[in-house]
Amino acid sequence: TADAALYSAKDKGRNAYQFYNHKMGVLVEERAEIEHALHQALAQGELELHYQPKVNLVSGKIYGMEALLRWRRPGIGLVPPDRFIPLAEETGMIIAIGEWVLRTACAQLGVWHAYGFAHLTMAVNVSARQFRQVDMPQLVRAVLADCGVPAHCLELELTESVLMQNRDLVVRALEQLKEIGVTLALDDFGTGYSSLSYLKQFPIDVVKIDQSFIHDVTDSVDGASLTRSIIAMAKSLHLATVAEGVETEGQLGFLNTNHCDAMQGYYFSRPLPGAEMDLMLYAGTRLPPESCHAVAPQR
Ligand code: C2E
Ligand code: MG
Ligand code: MG
Ligand code: MG
């Protein structure tokens, strides 16, 4: 019955919100109401960051984290970013939220550095609107100084659409960010329309191969050859490669065979709250040596 379904949906925690929205429609609210609630969320500390490790495929070790935003909404549960970031972008709230994310992630990185994980990097996702409305280089400089973390340990993840909107403005900001020493990554590569060689005109250092490609590498010959050519193309352009959404040993094996530099995905770890990530760092959790690859010979 509907009541039973509601009850079990609540038990499932983070999926509850999606479930209500899609299947029952009972919690579909007015936009304005969610917008108001989102203002409250920032003011009342309902936003939190979870961290997902990035693992180097040569050493098998965690070298960095990506900060992923969640909204712990009273009475509803943990709301994933896809459910509220588009609205935050439309309304402009992404400016305040984005600054909070950057500060919180860098503060966490400062703590991890102080605990002895001195080489750890932190990646933060950035929206187009932030570049349009905020002097990102100036903000980044200020936050790095406040948190006492070196610029080379901060990575900004940008999608192709961020690069395409306000091209000139973004290029200028990215060049300044490179001068500061920040690492720039192209997120969700392959989902847009541009070729890697076109995107190389932007000062990016890392390509994150979208999870839809990784999903296909073991199921389809075309999927495998597509990903293989992305890795090869990235290498020829001197871009580091990170595979997103790695869930199986088979996918990991493929990435090793094809010398992808790093992986991220549920196979190694889901995004976790900082305190849980502390435990993983202290435990020295890593991939077993047999699931790593040797450094590619220089050609
Ligand atoms: P993204 O930056 O491409 O992040 C990767 C997404 O894939 C995350 O979803 C992550 O939890 C999920 N993921 C990681 N490993 C796996 C896996 O093995 N399998 C599957 N199926 N999924 C995996 P999440 O956390 O829901 O974030 C979704 C998107 O929301 C992000 O995509 C990013 O575009 C955006 N986002 C998250 N946090 C922020 C933020 O602070 N600011 C901005 N502007 N956007 C953010
Ligand atoms: Mg990302
Ligand atoms: Mg991505
Ligand atoms: Mg994405």
Side-chain angles (χ1 to χ4, degrees), residues 14-15 17-18 38 41-42 46-55 62 64-72 77-109 121-134 136 139 143 154-163 165 183-192 204 206-218 230 241-252 255 262-273 276-277:
R14 78 165 268 176
N15 291 326
Y17 187 73
Q18 287 173 347
L38 196 50
L42 186 61
E46 294 166 16
L47 297 182
E48 56 187 73
L49 294 180
H50 286 193
Y51 301 93
Q52 187 179 37
K54 292 182 184 169
V55 181
I62 296 173
M65 299 287 175
E66 178 177 0
L68 293 158
L69 186 60
R70 273 99 183 85
W71 178 6
R72 195 169 292 279
L78 208 56
V79 185
D82 293 341
R83 300 264 153 190
F84 63 92
I85 284 186
L87 183 74
E89 286 173 342
E90 268 177 60
T91 59
M93 275 213 62
I94 195 67
I95 303 304
I97 291 174
E99 179 169 345
W100 179 87
V101 169
L102 184 67
R103 284 193 184 279
T104 306
C106 287
Q108 173 67 80
L109 184 65
T121 64
M122 178 65 74
V124 172
N125 294 284
V126 183
S127 295
R129 189 148 180 179
Q130 290 176 268
F131 279 99
R132 212 152 62 224
Q133 281 176 250
V134 179
M136 286 301 287
L139 176 64
V143 171
L154 176 66
E155 188 167 312
L156 298 182
E157 294 193 3
L158 319 154
T159 58
E160 190 181 320
S161 68
V162 174
L163 300 179
Q165 296 175 40
T183 302
L184 301 175
L186 180 60
D187 206 347
D188 303 344
F189 178 71
T191 58
I204 51 173
V206 180
V207 176
K208 298 191 73 182
I209 306 167
D210 190 68
Q211 55 185 52
S212 57
F213 291 86
I214 305 309
H215 185 265
D216 285 351
V217 295
T218 48
I230 293 173
T241 47
V242 181
E244 302 191 78
V246 179
E247 294 185 351
T248 69
E249 204 173 326
Q251 291 164 352
L252 184 61
L255 297 168
M263 66 81 82
Q264 203 180 2
Y266 296 169
Y267 181 78
F268 187 82
S269 172
R270 287 184 175 256
L272 296 171
E276 283 174 56
M277 208 41 79

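Atoms within each ligand, like the ligands themselves, are counted from 1 in listed order. Computed over heavy atoms, backbone and side chain alike; hydrogens, waters and symmetry mates excluded.
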- Note on the structure: Sorted by chain and number, sequence neighbours left out, side chain to side chain donor-acceptor pair (under 3.5 Å) with Gln165 holds for Arg132
- Query: Less than 4.0 Å between a side-chain N and a carboxylate O, is that true for Glu48 and Arg72?
  - Reply: yes
- Look at Glu66 together with Lys208 and state whether they make a salt bridge at an N to O cut-off of under 4.0 Å. yes
- Going by the 4.0 angstrom heavy-atom rule, the piece of Val124 near ligand 1 is neither
- Task: Would you kindly specify which portion of Glu244 sits under 4.0 Å from ligand 1, judged on non-hydrogen atoms: side chain, backbone, both or neither?
- Result: side chain
- Report the distance from atom CZ of Arg129 to atom CD of Glu89, rounding to the nearest 0.5 Å. 9.0 Å
- Item | Under 4.0 Å to a heavy atom of Asp82 - the qualifying atoms of ligand 1, by number | 28 (C), 29 (C), 30 (O)
- Task: Pull out every atom of ligand 1 sitting under 4.0 Å from any heavy atom of Glu247, numbered as shown with elements.
- Result: 17 (C), 18 (O), 19 (N), 20 (C), 21 (N)
- Query: What is the name of the N/O/S atom in Glu66 that sits closest to the Mg ion (ligand 2)?
  - Reply: OE2
For the Mg ion (ligand 3), find the closest N/O/S atom belonging to [X] and write down its atom name.
X	value
Asp187	OD1
Asp188	OD1
Glu244	OE1

- Task: Hey, could you give me each pair passing salt bridge (Lys or Arg N to Asp or Glu O under 4.0 Å) that has a residue in residues 91-104? Not counting sequence neighbours.
- Result: Glu99-Arg103, Arg103-Asp146
- Query: Less than 3.5 Å between some nitrogen or oxygen of Gln264 and one of ligand 1, yes or no?
  - Reply: no
